[in-house]
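Values below: all heavy atoms of this structure, side chains included; hydrogens, waters and symmetry mates excluded. Numbers here simply count residues along the sequence, with the first being 1.
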Amino acid sequence: DGTLTLPGHIDFAAMRRRIGIPPGTDILAQIRELPEDQQAAAVAIVEEEEMAALQKLELQPGLHELVAALRARRVRCAIATRNMAAAVDFFFTSSGLERELFAPVLTRDFAHNKPDARVALAIVRAWRLPPAAVAFVGDHVDDMACGRGAGCVTCLVRCEENDAFYAEDGGALVDHAIAALSELPALLRLPRGGGGGAAAEAAAAAEEPATAAM
């Protein structure tokens, strides 16, 4: 939601309200802190909201062209998302993209979730690359924190929802920012901080179905 697809379809406010957790808090972290006998019901609410959002799923403009360009340049792609596995399955079915183009695919069933840097590190280690050779791409502060914590190059996909974060970041977490996916292939030739340099391998991931690791 926001990286490979257009943002705003998942109603996180409704999730928090229905579960009974404070606005603006990390939903998954809050669920883990609930009494065990309440966690299953809370997870069910999250999944209901995610499934409702999937019915409105819209791909980011240029997604297919981006994947084709990365494939042509033999850039590896992965997905790292806090969404459930069923949402990722729906994304692949709806988008027509081949799942085999993305490996690994890490959902919230993985042992760790963004912003934990161990998510990005799992991709880096699977590819046997130094973190600085991997771009971690996403639309949320959690994506940027995850990638930066692992030592990856970070790239923010700009949208109205992250305007305030980007304005305040000042380069603390965001190395590069793009307004459209079509800008990413050229950007992958930039090292941290901009300028020239060798092309970065890309991990494609989504905070939601979140290239390079999205």
Exercise for the section: Evaluate side chain to side chain contact (heavy atoms under 4.5 Å, CB included) for Met15 paired with Ile10, printing each intermediate quantity in order. Expected result: CA-CA 9 Å; Met15 281 186 192; Ile10 299 178; 3.4 Å; yes
Practice task
Compare every heavy atom of Ala117 with every heavy atom of Gly149, then report the nearest pair and how far apart it is.
Solution key: C-CB, 3.5 Å
Exercise for the section: Flag yes if more than 12 heavy atoms outside Gln55 fall under 6.0 Å of its CD atom; otherwise flag no. Expected result: yes
Fill in the blank from the handout: On a heavy-atom basis, the closest approach of Arg118 and Phe110 is O-CE2, 4.1 Å
Problem - Close side-chain approach of Asp143 and Lys114, heavy atoms under 4.5 Å - result: yes
Handout entry: Co-membership, hydrophobic cluster, residues Val137 and Phe92, 4.5 Å side-chain
Key = yes
Practice task
Would you indicate whether the side-chain heavy atoms of Leu181 and Pro61 approach each other to under 4.5 Å?
Solution key: no
Exercise for the section: Determine whether Thr5 and Glu58 make a side-chain contact, defined as any pair of heavy atoms from C-beta on separated by less than 4.5 Å. Expected result: no
Exercise for the section: Answer yes if Met144 and Tyr166 sit in the same cluster of Ile, Leu, Val, Met, Phe, Trp and Tyr residues linked by side chain heavy atoms under 4.5 Å apart, and no otherwise. Expected result: yes
Handout entry: Non-hydrogen side-chain atoms of His140 and Asn162 separated by less than 4.5 Å
Key = no
Problem - N/O donor-acceptor pair under 3.5 Å between Gln60 side chain and Gly2 backbone - result: yes
Handout entry: Heavy-atom pair of closest approach, residues Ala69 and Pro185
Key = CB-CG, 4.2 Å
Problem - Straight-line distance of Glu168 CD to Asp163 CG, nearest 0.5 Å - result: 11.0 Å
Practice task
Output, in order, the C-alpha distance, side-chain angles, deciding distance and verdict of side chain to side chain contact (heavy atoms under 4.5 Å, CB included) for Asp175 and Arg148.
Solution key: CA-CA 9 Å; Asp175 290 316; Arg148 173 55 57 83; 2.6 Å; yes
Practice task
Check Arg73 against Ala186 and note the closest heavy-atom contact, atom names and distance.
Solution key: NH1-N, 4.3 Å
Problem - With Glu49, the salt bridge (charged side-chain N to carboxylate O under 4.0 Å, His left out) member among Lys56, Arg18, Arg16, Arg17 - result: Arg18
Exercise for the section: Determine whether Phe91 and Leu54 make a side-chain contact, defined as any pair of heavy atoms from C-beta on separated by less than 4.5 Å. Expected result: no
Handout entry: ILVMFWY network linking Leu184 to Leu156, side-chain heavy atoms under 4.5 angstrom
Key = no
Exercise for the section: Hey, could you give me the CZ/CG distance between Phe12 and Asp26, rounded to the nearest 0.5 Å? Expected result: 10.5 Å
Handout entry: Charged N-O contact under 4.0 Å between Arg71 and Glu98
Key = yes
Exercise for the section: Kindly check if the number of other-residue, nucleotide or ligand heavy atoms within 6.0 Å of CZ (Arg99) is above 12? Expected result: yes
Practice task
Report the distance from atom CG of Leu4 to atom CG of Leu97, rounding to the nearest 0.5 Å.
Solution key: 8.0 Å
Practice task
Spell out, yes or no, whether Val141 and Val119 are grouped together once hydrophobic residues are joined by side-chain heavy atoms under 4.5 Å, including indirect joins.
Solution key: no
Fill in the blank from the handout: CD1 of Ile123 to CZ of Arg125, rounded to nearest 0.5 Å, is 12.0 Å
Problem - For the student: nearest non-hydrogen atoms of Ala122 and Leu106, plus distance - result: CB-CD1, 4.1 Å
Handout entry: Close side-chain approach of Leu101 and Cys77, heavy atoms under 4.5 Å
Key = no
Handout entry: Cluster link Leu59 to Met51, ILVMFWY, side chain under 4.5 Å
Key = yes
Exercise for the section: Any chance you could measure Leu57, atom CG, to Ser95, atom OG, to the nearest 0.5 Å? Expected result: 8.5 Å
Exercise for the section: Indicate yes or no for a side-chain donor-acceptor contact from Gln39 to the backbone of Arg32 under 3.5 Å, with no hydrogens or angles considered. Expected result: yes
Handout entry: Side-chain touch Val46/Arg108, heavy atoms, less than 4.5 angstrom
Key = yes
Handout entry: Derivation and outcome, side chain to side chain contact (heavy atoms under 4.5 Å, CB included), residues Thr154 and Leu173
Key = CA-CA 7 Å; Thr154 59; Leu173 296 177; 5.6 Å; no
Practice task
Supply the atom-to-atom distance Leu188 CG to Leu70 CG, rounded to the nearest 0.5 angstrom.
Solution key: 6.5 Å
Handout entry: His112 vs Leu121 side-chain heavy atoms within contact, under 4.5 Å
Key = no
Problem - Shortest non-hydrogen contact between Arg82 and Pro115, atoms and distance - result: NH1-CD, 4.2 Å
